[in-house]
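Only a predicted model underlies this, so the values are computations on that prediction, with no experimental measurement involved.
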Amino acid sequence: MTGPSEREPVLQLIEAVLDGGSWRTWDEPVPVTTRDPGYRADLERARERTGLDESVITGEGRIRGRRVAVVACEFRFLAGSIGVAAGERLVRAVERATAERLPLLAAPASGGTRMQEGTIAFVQMVKVTAAIAGHKAAGLPYLVYLRHPTTGGVLASWGSLGHLTAAEPGALIGFLGPRVHQALYGEEFPPGVQTAENLLAHGLVDAVLPARELPAVVANALDVLCDDASGTAPPAPATGSAGAAPAERRPAAGTETPDAPPPARGPHEGTGPAPGVPEGASAADPEPRRTPPAAEGAPASAGAESPAEAYEPGAETAGTPPETVDTPEGATAPETAGATDGQGTGGGAEGPAGGVATGRSDVAEDERGAETAAAPDSAAGPGGQGAGGGAGGKLGGGAAAGPGTPATGVSAAAVSATAASIRRSRRPGRPGVRALLRAAGRQVTPLSGTGAGEHDPGLLLALARIGGTPCVVLGHDRHDGAAPPLGPGGLREARRGMRIAAELGLPLLTVVDTAGAALSREAEEGGLAAEIARSLADLVTLPAPTLCLLLGQGAGGGALALLPADRVLAAEHAWLSPLPPEGASAILHRTTERADEVAAQQGVRSADLLAHGIVDRVVAEPGPDAAGPDTGSGPDTGSGSAPDTGTGSGPDTGSGRDAADDPGRFLAHLGEVLGRELALLRAERPEARLAARRLRHRTLGARSLPPR
């Protein structure tokens, strides 16, 4: 396989594919404002080396005379990784392409999530997927050209949603990063699996072709996908998609039009309810009042000031905090100012020409031997257990692995609190989705498999009534702590549940509790990344009400695939991360011993997720009737001194008890909360609920940006 050093910079690719002189950028400058000196240095080096200000470029040009919008990654810029600013740039471009009714060509080359920005960067994949889904729902073509390398969250979202997908010859394309696999399991990933040619042989891409052949292929495809007689894209569907508003009719693609102005950039007001959060909700209001969202009409569209313009990319903003019913104290913005998920990766297999690696990402490799994210999507060992669940990683302890206070700026208290939650989430006795259904479900009818010959023991699918509300339930099945990792068949089974909910108008409850997705030849060749992308797309567009519960572990793409919802709840010790912390530590520091520090940096715990608007409510463990810290009024910073009973080692610095200590009380309370939430969602007017969902996904990352 050839290396990135032999690949064309993205601007040379643009010149080779578009008609000469037709390229016009849509990008606006992104400032560097991070307070983290290491991340700032990485960004500045990347800018100097590439001449670009971010890892993605967007704009428009012509291919054989037809106007086409283009979004593309520059791998030499922090491994093409996607953070909040890059995600916002991508979404604005997709929205503009939709508004102007242009076909869209994407050319990713990325390691995935930008680890420096942690979980808030990870959920940008939901935001980008929602924009792509809206573009496709408007009846507009979306074409993808996968370049070397494309891995991790990028492949598992907008890289796998094309109407037509081609790949660069010899390109490394896969969900799992080979170098991470070696770091975690001590063995190489099977060779020849993650190649463009192997993906073609397994039906995962439509063609393998060099960039010089792309213009002819794209032109031929668009002559079919667009109205060739008039040179325009097909008309929008008569009715809008459930997940996206119909695009505004604009001048036809392929016809001469005046230069369109860039989207307006309204300032973030910082007032009013947080995205997707009802007005009037507060910590003292056990039954939050729900009122229709202010943005009850159409979602944000390109070219107009709207909630989509919730921040100036690269600037810090603050918004109204989300609902905190049952929320522990300390649910404030995580101490991650400038904290990154890694030093940059500059190269894929061999590393780029030109010097220092700068930007660890979800899955790309750097010259120090780290390969980022996609792999540790399960730093899970066999059986789906998180790598190091105690013995290997430092997450059994409560303090940072390194001597003294972590140099990353995150406090020792935050490190200890995060480590305690992750350790508690892995306790063998912690209740999972099966226990939840036994305690809170009525008229439970289990379903089995996809209905097309596949069954995955890592996923549970059932019909049930919870709190009197009929619903479809699907979730990761812990199997008492011995859960098998979720594979592509499990996600196809989950999508069966989504279809049932959509067809019958039943609320959908998704339960996230996974150490990560399956990492194997079979998973790669079975289309794991593509199934994650399709699950995301299905959830953001599902017409039925959706509720997500983060119940325990939430590692990588396997967790993200079930996350998008109208409302998201989290158990007190649940967490969400681009990778299992041990995998992220192995990437960033070549050891699992700093896993707790890395997890705190990335803002993975429930209090951090609440502060960032990723979750709407945190449910106390083991329940509200407990005394002292167990009320959820100070989960990991309380005075509890009971020894830890989890799988890790060392004393627990958090509250003395959790869901595993009193599962009955926890599940009874959780069932009541879920029942109320499902009933409220079902009672909302669909138009208002879907508008609030669009706004929620569009503004992910806007409430509390990682300083840049």
Any heavy-atom pair between the side chains of [Y] and [X] that's under 4.5 Å?
X	Y	value
Y145	L209	yes
L143	V217	no
V91	V94	no
I57	W23	yes
L43	F77	yes

Item to complete: Could you check V126, T129, L542 and say which one makes a side-chain contact (heavy atoms from CB on, under 4.5 Å) with P564?
Response: V126
Please report the interatomic distance [atom1]([X]) to [atom2]([Y]), rounded to the nearest 0.5 Å.
X	Y	atom1	atom2	value
D538	E531	CG	CD	9.0 Å
K127	E88	NZ	CD	4.0 Å
R698	E95	CZ	CD	4.0 Å

Worksheet item: Is it true that R492 and D456 have a side-chain N and a carboxylate O under 4.0 angstrom from each other?
Response: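 A salt bridge is absent here (no side-chain N lies under 4.0 Å from a carboxylate O).
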Worksheet item: Between R521 and E524, does at least one N-O distance fall below 4.0 Å, as a salt bridge requires?
Response: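 The answer is no: the pair does not qualify as a salt bridge.
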Heavy-atom closest contact ([X] atom, [Y] atom, distance):
X	Y	result
A584	V598	CB-CG1, 3.6 Å
A130	V540	CA-CG2, 4.0 Å
T150	P108	OG1-O, 3.1 Å
M125	S157	SD-OG, 3.7 Å
H148	E168	N-OE1, 2.9 Å

Where the side chain of [X] meets the backbone of [Y], is there a donor-acceptor pair that is under 3.5 Å apart?
X	Y	value
E197	P169	no
D206	T165	yes
T50	R76	no
T510	L562	yes
R147	C73	yes
Y142	W158	yes
K136	L161	yes
E117	V84	yes
S110	G80	yes
S160	A156	no

Discussion item. Under 3.5 Å, is there a donor on one side chain and an acceptor on the other for D27 and T58?
Written reply: yes
Discussion item. Apply salt bridge (Lys or Arg N to Asp or Glu O under 4.0 Å) to residues D42 and R114 and explain how you reach the verdict.
Written reply: CA-CA 12 Å; D42 287 342; R114 185 166 300 170; over 6 Å; no
Worksheet item: After noting the C-alpha distance and the side-chain angles of L105 and V17, does the key distance pass the side-chain contact (heavy atoms from CB on, under 4.5 Å) rule?
Response: CA-CA 11 Å; L105 172 64; V17 173; 4.2 Å; yes
